[in-house]
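When reading the values below, keep in mind they use all heavy atoms of this one structure, side chains included, and skip hydrogens, waters and symmetry mates. Numbering of residues begins at 1 and proceeds along the displayed sequence. All values derive from a computational prediction rather than experimental measurement.
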Amino acid sequence: MGSLNEIAIAAGINISSALGFLLAFAILRIQPINDRVYFPKWYLKGTRSSPRHIGAGFSKFVNADLSTYLRFLNWMPAALQMPEPELIEHAGLDAAVYVRIYLLGLKIFVPIALLAFIVLVPVNWSSGTLEHEKDLNYDEIDKLSISNLGKGSKRFWIHIGMAYVFTFWTFYVLFHEYKVITTMRLRFLANQSRRPDQFTVLVRNVPPDPDETVSEHVEHFFAVNHRDHYLSHQIVYNANALAGLVEKKKGLKNWLVYYENQHAHNPAKKPTMKTGLWGLWGRKVDAIEYYKAEIEELCKQVLEDVERQKVMSDPNAIMPAAFVSFKSQWGAAVCAQTQQTSNPTVWLTQWAPEPRDVYWPNLAIPFVELSVRRLIISVALFFLTFFFMIPIAFVQSLANLDEIERLLPFLKPIIERNSLKSVIQGFLPGIALKIFLILLPMFLMTMSKMEGHISISGLDRRTASTYFMFLFVNVFLGSVITGTAFQQLDSFIHQPANKIPETVGESIPMKATFFITYVMVDGWAGIAAEVLRLKPLVMFHIKNTFLVRTEQDRQQAMDPGSLDFGTTEPRIQLYFLLGLVYAVVTPILLPFIIVFFSLAYLVFRHQIINVYNQQYESGALFWPDVQTRLIAALIVSQILLLGLLSTQEAEKSTVALLPLPVLTIWFHYVCKGRFEPAYVKFPLQEAMVKDTLQRANDPTLSLREYLKDAYVHPVFQKDDMYELVTMDEEKNPTVATKRQSRMNTPVESKFNSSVGTDEGEFSRMHPA
């Protein structure tokens with residue numbers, strides 16, 4: 001472990017950085033020119049106007065009221081004042097539940113830290129084993145850890161007892177939180193206003209039919225098997241090519257606005273550009289005329305139906321999938337939660353994501369490709385995780401200066417300087433690891449998209465899952481193994497699997513200093529930088545200077561962002577893991593984690609109130625994943641403690657820990673059976689109640705009109721490409737199918753075909 005001097009230097013650097021970020025934010029947020037950067041959510045809601053309209057001259061840009069600078073920290077209590085029900089109404093359930101994860105960390109670790117410092121720290125400090133080891137180098141922090149207990153010490157029983165206390169307390173908090181979140185979710189779903197996804201089911205893997213189009217096949221299937229509830233459907237088209245043209249057109253328009261603004265500022269000089277790559281070479285042309293011509297040419301491809309006709313006429317562009325809507329939420333719930341035919345591989349139904357949550361590009365992926373894609377991505381993730389151990393090992397070698405001095409003895413005079421050594425061991429490993437991890441979430445999100453998930457929330461949950469596994473393997477296990485046992489890495493790889501917990505467990509106390517610095521760099525300074533929003537601040541002023549001409553342009557220049565669940569939630573889980581692992585081993589780490597949870601809770605509550613604009617609302621669908629990863633962290637901490645004690649000649653006391661993982665797994669299945677169904681299925685009773693209430697409150701609502709454009713691809717939302725296929729809610733006459741059926745139909749088929757109906761199509765319903 002490190003010395004108090006190294007931790008003090010790291011703490012000084014990171015506390016200074018965090019205070020600097022918070023002070024800069026407190027001053028920048030009260031400047032009128034930055035108002036749209038730090039309060040974009042209120043602008044989007046239409047409840048805030050720019051303070052620049054009030055001031056005049058210099059005061060339009062800089063706050064001249066000196067009294068506001070004396071109250072520059074009032075954002076902190078303001079972030080805590082909004083009650084949770086109001087917060088849910090303001091920002092959504094996803095955002096409100098997300099910040100409860102930080103509150104959960106405080107509920108778990110504050111009592112654990114108090115008990116650890118009252119019981120474990122005095123026990124460790126008073127053992128005095130390290131003081132009697134003459135040939136052993138140690139620091140003052142080591143005296144506070146389990147390392148200060150001698151082998152075979154009876155004091156290990158105290159640590160085992162506290163491990164049970166910490167585990168049962170965690171059980172209690174997790175069970176209570178799961179119960180509260182589940183109640184919040186059910187109440188939210190019952191009270192939220194009408195949404196298209198409540199009436200809509202996504203149907204995939206529609207089987208091919210030689211005599212009917214996909215649209216006709218979907219219509220007939222649901223008209224027969226859900227005849228009393230089927231309302232309409234919209235076929236899924238592969239519009240990715242057209243979406244690419246639309247995005248290209250949007251980019252060209254941005255450049256056109258840029259050059260038009262330049263010309264408006266200096267009418268005497270027309271802006272020019274080169275037509276080559278990135279404008280570095282090529283023919284010199286009038287920039288405004290060039291982009292107008294490019295946009296006009298691109299509009300011809302879109303407006304003259306070139307791509308539209310291609311999409312509509314190309315059979316390969318029509319996907320075997322559809323969004324099917326029902327007359328009631330009860331009918332949609334029955335369809336989404338049941339198997340449609342005896343063949344479980346076709347007519348696969350699931351709840352449709354809400355329209356803004358749909359990830360349209362992946363709907364064009366054939367269903368049969370998904371398993372192949374997921375296999376390939378799984379292999380790629382394995383190799384990415386494995387090869388990332390190389391830079392992790394390099395980063396951790398920075399903290400192992402003795403090994404560097406042995407391999408490179410000529411660096412010893414430089415390394416041995418006290419100030420430099422303290423900076424290297426107390427600060428550089430944490431910041432270097434943070435830099436290595438910056439680009440990783442982007443790669444993992446790309447891989448999740450390649451796997452074919454059809455909702456943005458699903459992509460976030462998948463990315464969070466892979467990112468947590470990556471952090472666990474590389475940041476936690478990789479840091480422990482390559483940092484303290486780098487020279488024994490070969491023996492670690494070749495040793496039996498049952499010896500791995502012992503090796504890792506023995507290494508854990510030695511890495512407390514590194515994880516303390518990592519928590520300070522990533523958790524303290526990183527969270528403080530989050531509230532400053534430096535990148536959105538710079539980008540807004542660049543756009544406001546060069547691209548903004550109207551109030552609408554200025555609103556589009558705002559970048560409120562959203563909760564990046566796929567990146568931030570796994571980071572929280574890493575802190576839970578560190579806290580649970582070190583609670584018994586080295587309790588000195590706990591205060592640093594508590595500071596992180598406290599600061600993060602304050603900052604993210606402020607952000608979701610004033611800044612973030614969520615892309616979607618899943619109704620806290622991510623909470624079972626959060627619970628599962630917390631249980632996994634608890635089991636890992638128990639196994640590693642067991643491995644550590646097995647190296648301390650405490651075999652008898654080690655046996656007493658064996659029930660803990662078993663109890664944890666049992667607890668997980670109790671919670672899973674009790675609460676998880678609320679996140680997987682929607683109770684039919686609740687659906688019937690909502691249908692009854694909504695019909696009573698709005699008896700004249702036409703669901704057909706309400707759902708007409710809900711699931712139209714965004715690039716067609718203003719066009720008439722989709723013809724909504726609906727059922728007449730009153731007449732519902734029977735009609736002939738286009739193929740011969742083995743069953744009796746009211747009218748003969750128009751075509752002679754040997755294809756029968758294996759889907760129970762006893763009659764046909766005519767669309768309105």
Side-chain angles (χ1 to χ4, degrees), residues 197 200-208 214 218 233-244 246-247 311 314-324 335-337 339-340 343-385 440-470 564-567 569-570 615-616 618 621-622 624-625 628 679-680 710-716:
D197 54 290
T200 307
V201 169
L202 175 62
V203 183
R204 307 186 76 179
N205 212 25
V206 176
V214 174
V218 170
H233 72 273
Q234 290 173 338
I235 295 300
V236 174
Y237 289 86
N238 183 356
N240 290 347
L242 185 55
V246 172
E247 284 298 316
V311 170
D314 185 3
N316 294 325
I318 301 175
M319 306 308 299
F323 290 100
V324 180
C335 180
Q337 299 168 179
Q339 181 175 314
Q340 302 304 306
N343 184 353
T345 64
V346 297
W347 297 107
L348 303 177
T349 57
Q350 64 184 87
W351 281 107
E354 65 165 324
R356 58 179 179 162
D357 190 23
V358 177
Y359 187 69
W360 294 96
N362 279 359
L363 286 177
I365 300 175
F367 187 80
V368 293
E369 286 186 15
L370 294 180
S371 57
V372 177
R373 283 171 171 261
R374 288 170 184 172
L375 175 62
I376 294 173
I377 294 302
S378 298
V379 175
L381 283 171
F382 171 79
F383 283 103
L384 176 65
T385 303
L440 180 64
M442 182 179 66
F443 294 134
L444 296 179
M445 175 58 77
T446 301
M447 290 183 170
S448 298
K449 291 177 179 178
M450 293 175 64
E451 283 186 313
H453 300 279
I454 53 94
S455 66
I456 300 174
S457 59
L459 290 172
D460 279 343
R461 292 197 300 273
R462 174 57 177 167
T463 302
S465 176
T466 55
Y467 192 28
F468 173 71
M469 183 58 63
F470 190 92
D564 190 0
F565 180 81
T567 302
E569 193 273 341
Q615 299 181 50
Y616 58 83
S618 69
L621 201 58
F622 56 81
D625 297 332
T628 300
Y679 300 83
V680 179
Y711 287 97
V712 174
H713 195 289
V715 298
F716 296 122

Nearest atoms (heavy-atom pairs only) where [X] meets [Y]:
| X | Y | result |
| --- | --- | --- |
| Leu370 | Gly452 | CD2-CA, 3.9 Å |
| Pro441 | Thr463 | O-CG2, 4.3 Å |
| Lys449 | Tyr359 | CD-OH, 3.2 Å |
| Val201 | Ala336 | CG2-CB, 3.8 Å |
| His453 | Arg462 | NE2-CG, 3.4 Å |
| Ala321 | Arg204 | CB-CA, 4.2 Å |

A side-chain contact here means heavy atoms from C-beta on lying under 4.5 Å apart; do [X] and [Y] qualify?
| X | Y | answer |
| --- | --- | --- |
| Gln350 | Ile454 | yes |
| Val214 | Val236 | no |
| Leu363 | His713 | no |

Report the distance from atom [atom1] of [X] to atom [atom2] of [Y], rounding to the nearest 0.5 Å.
| X | Y | atom1 | atom2 | answer |
| --- | --- | --- | --- | --- |
| Met469 | Leu381 | CE | CG | 10.5 Å |
| Asp197 | Phe323 | CG | CZ | 10.5 Å |
| Tyr711 | Trp360 | OH | CH2 | 8.0 Å |
| Arg373 | Leu375 | CZ | CG | 13.0 Å |
| Asp564 | Glu569 | CG | CD | 11.0 Å |
| Asp460 | Asp625 | CG | CG | 11.5 Å |

Quick check: does any side chain N or O of [X] sit under 3.5 Å from a backbone N or O of [Y], one acting as donor and the other as acceptor?
| X | Y | result |
| --- | --- | --- |
| Asn238 | Met319 | no |
| Gln340 | Val346 | no |
| Ser465 | Arg461 | no |
| Asp357 | Ile456 | yes |

Show your reasoning for whether side chain to side chain contact (heavy atoms under 4.5 Å, CB included) applies to Leu202 and Val358.
CA-CA 11 Å; Leu202 175 62; Val358 177; over 6 Å; no
Pair Glu451, Thr466 - check side chain to side chain contact (heavy atoms under 4.5 Å, CB included), show working.
CA-CA 12 Å; Glu451 283 186 313; Thr466 55; 5.7 Å; no
Evaluate the ring planes of Phe622 and Phe565, with Trp represented by its six-membered ring, and classify them as parallel (under 30°), tilted (30 to 60°) or perpendicular (over 60°).
tilted
Residue pair Val218, Trp347: steps toward the side chain to side chain contact (heavy atoms under 4.5 Å, CB included) verdict
CA-CA 9 Å; Val218 170; Trp347 297 107; 4.2 Å; yes
Under the criterion side chain to side chain contact (heavy atoms under 4.5 Å, CB included), I'd like the reasoning laid out for Phe367 against Thr345: C-alpha separation, chi angles, the key distance, then a yes or no.
CA-CA 10 Å; Phe367 187 80; Thr345 64; over 6 Å; no
Classify the side-chain pair Gln337/Trp351 by whether it contains a donor and acceptor separated by less than 3.5 Å.
yes
